[in-house]
Amino acid sequence: MFDINPGLIVWTIVVFVVLAALLGKFAWRPMLKALQDREDSIRAALEQADRARAEAADMIRQNQQNMAKAEEEYQKMMREARAMADQVKEEIVAKAQQQAKHDLEKAHEEIQRDVVAARQQLRAEVADLAIRAAEKILDESLDAAKQKKIVDGVINQFPKN
Amino acid sequence: MNEPNSAADTLQTAAHGGGHGEGFDFAHLLDHMKDGRYVEVPGGHVDLPQFPPVTIGGITLDLSPTKHVVFLLLAAILLTVWAVRAARAYRKHPVQRGMGNVLELMVLFIRDEVAIPNMGPSGLRYVPYLLTTFFFILIMNLLGLVPFGATATGNIAVTAGLAVIAFIMIQLSAIRAQGLGHYLAHLTGGVHWALWPIMVPIEILGLFTKPFALCIRLFANMTGGHIVIVSLIGLILLFRSLWVGGLSVGFTVTIMLLEIMVAFIQAYVFTMLTSLFMGLGMQAGHGEAHDGEHAH
């Protein structure tokens with residue numbers, strides 16, 4: 001069992017060298033290259049995923065910031081709008097009140113004017129009636145006492161005003 | 001090859017001396033482990049063709065195929081089919097399945113756990129050599145566990161051949177990494193020139209001890225388990241008792257399982273140590289070239 005067959009040593013070396021050359025070319029090198037490529041692609045994919053995740057996180061943060069900003073702006077706009085609305089409301093109310101006051105005054109004036117006009121018209125009519133009464137008196141040739149009584153009667157037909 | 005070894009002798013004596021049975025030829029059992037001019041097949045054996053020895057430069061070599069040559073070639077063919085098929089599969093898809101995946105697992109192990117830690121990134125160049133070593137030894141080891149199989153790595157000539165290649169690779173990688181000048185300078189051990197006549201032979205001897213240890217370690221480990229199994233089987237023939245038979249079979253199965261583990265471990269150890277020795281030689285030059293200090 002311990003005797004060494006030199007032929008077998010030669011066989012071993014030859015077989016090994018041929019095997020190593022063959023496998024090196026057709027198995028190990030293509031295989032190691034494929035494994036290396038696969039590792040590289042996995043590494044690249046992981047890095048890309050990391051980058052994408054970072055980007056997404058960035059986007060979310062940005063979105064949140066934007067949302068916060070939008071919310072703030074909305075609040076501000078609301079506040080401003082409310083303030084403006086209040087102001088406009090007050091203005092409108094004030095204006096309306098002023099208008100109402102103005103209208104009321106105008107109405108008063110108009111009434112006043114109408115009253116004056118009515119009085120003048122009344123006076124004209126009274127005069128007219130007086131003339132007509134006078135004519136009637138003249139027509140019926142009445143005495144002075146009777147005339148006076150008639151005139152008083154006519155005048156008394158109108159309210160004292 | 002014909003002289004029975006001591007273990008067989010002892011057992012044979014025991015068989016005859018024990019008085020049980022008729023005495024069987026225990027050496028014949030051990031022949032299964034030895035190299036031979038035939039290959040065992042179910043129901044007999046096939047004789048291998050023989051060639052006359054060739055003489056090259058005064059050395060006579062008998063290159064006739066033997067049983068271990070057949071298993072050497074068988075292992076080479078199996079490995080080629082396995083590895084080339086797996087390598088082809090990467091063209092279709094970068095992820096392997098089945099046996100290709102088994103191969104990939106071990107390839108990655110050799111690359112990431114053996115080559116790179118021992119030799120650094122520059123050792124990637126030698127990964128194909130280490131892979132061939134690992135799988136070739138592994139398959140030869142495993143073929144010894146198959147019925148009618150033979151363990152080529154249980155033959156010291158085969159392990160010597162592998163060690164010769166390991167020796168060459170260790171020296172080549174060292175020369176490549178350090179340059180021939182530093183490599184030769186390293187052989188002087190960095191001592192005063194007057195001590196070179198002592199130092200140089202020691203250093204050269206040191207170069208040979210490592211592969212020699214590789215050779216003996218693999219041979220002894222692969223032979224040891226087989227001797228245990230042969231001995232256990234021998235006990236059955238010796239005692240011809242049902243109890244001993246049952247016990248022997250139980251032990252044999254256990255040893256067989258152990259042998260599967262040993263087949264992997266020894267292939268790994270051979271590869272790991274080769275890469276370690278290569279790494280030592282490759283790194284030795286860098287530190288020394290600059291500060292002139294020799295670490296051993």
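Letters go in sequence order (proteins before strands), and every chain restarts at 1.
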Checklist line | Chi angles and distances behind the side chain to side chain contact (heavy atoms under 4.5 Å, CB included) call for A:Met31, B:Leu103 | finding: CA-CA 10 Å; A:Met31 207 163 157; B:Leu103 191 77; 3.3 Å; yes

Notebook entry, point to check: Please walk me through it: do A:Arg38 and B:Glu104 pass side chain to side chain contact (heavy atoms under 4.5 Å, CB included)?
Noted result: CA-CA 12 Å; A:Arg38 192 178 71 184; B:Glu104 183 191 299; 2.7 Å; yes

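Across every non-hydrogen atom of B:Arg125 and A:Arg29, the tightest pair is O-NH2, 4.4 Å. The two residues A:Ile13 and B:Gly161 come nearest to each other via the heavy atoms CG1-O, 3.7 Å.
The one candidate from A:Ile9, A:Leu8, A:Asn5 that meets the side chain to side chain contact (heavy atoms under 4.5 Å, CB included) condition with B:Asn155 is A:Leu8. When each of B:Tyr126, B:Phe135, B:Tyr129, B:Tyr90 is paired with A:Trp28, the ring pair (Phe, Tyr, Trp, His ring centres under 6.0 Å) condition holds for B:Phe135 and for no other.
The most heavy-atom pairs under 4.5 Å with chain A, out of B:Val95, B:Val84, B:Thr66, B:Val164, come from B:Val84.
Within 6.0 Å of atom CD in A:Gln48, 12 or fewer heavy atoms from other residues, nucleotides or ligands are found, so the atom counts as exposed in its surroundings. A:Glu80 CD: more than 12 foreign heavy atoms inside a 6.0 Å radius. The neighbour count for B:Phe212 CZ, taken as heavy atoms of other residues, nucleotides or ligands under 6.0 Å away, does not exceed 12.
Here the side chains of A:Glu39 and B:Leu108 are in contact, with some heavy-atom distance below 4.5 Å. Residues B:Val158 and A:Trp11 form no side-chain contact, since every pair of their non-hydrogen atoms from C-beta on lies 4.5 Å or further apart. With contacts defined as side-chain heavy-atom distances shorter than 4.5 Å, the pair A:Leu32/B:Leu131 qualifies.
In this view, A:Arg53 and A:Asp50 satisfy the salt bridge (charged side-chain N to carboxylate O under 4.0 Å, His left out) rule, not counting sequence neighbours.
Only the side chain of B:Ile165 comes within less than 4.5 Å of a heavy atom in chain A; its backbone stays farther off. For B:Thr133, the parts sitting under 4.5 Å from any heavy atom of chain A are the backbone and the side chain alike.
Contacts of residues 14-21 of chain A with chain B at a heavy-atom distance below 4.5 Å involve A:Val15, A:Phe16, A:Leu19, A:Ala20, listed in sequence order.
Atom CZ of B:Arg111 is separated from atom CG of A:Leu35 by 6.0 Å, given to the nearest 0.5 angstrom.
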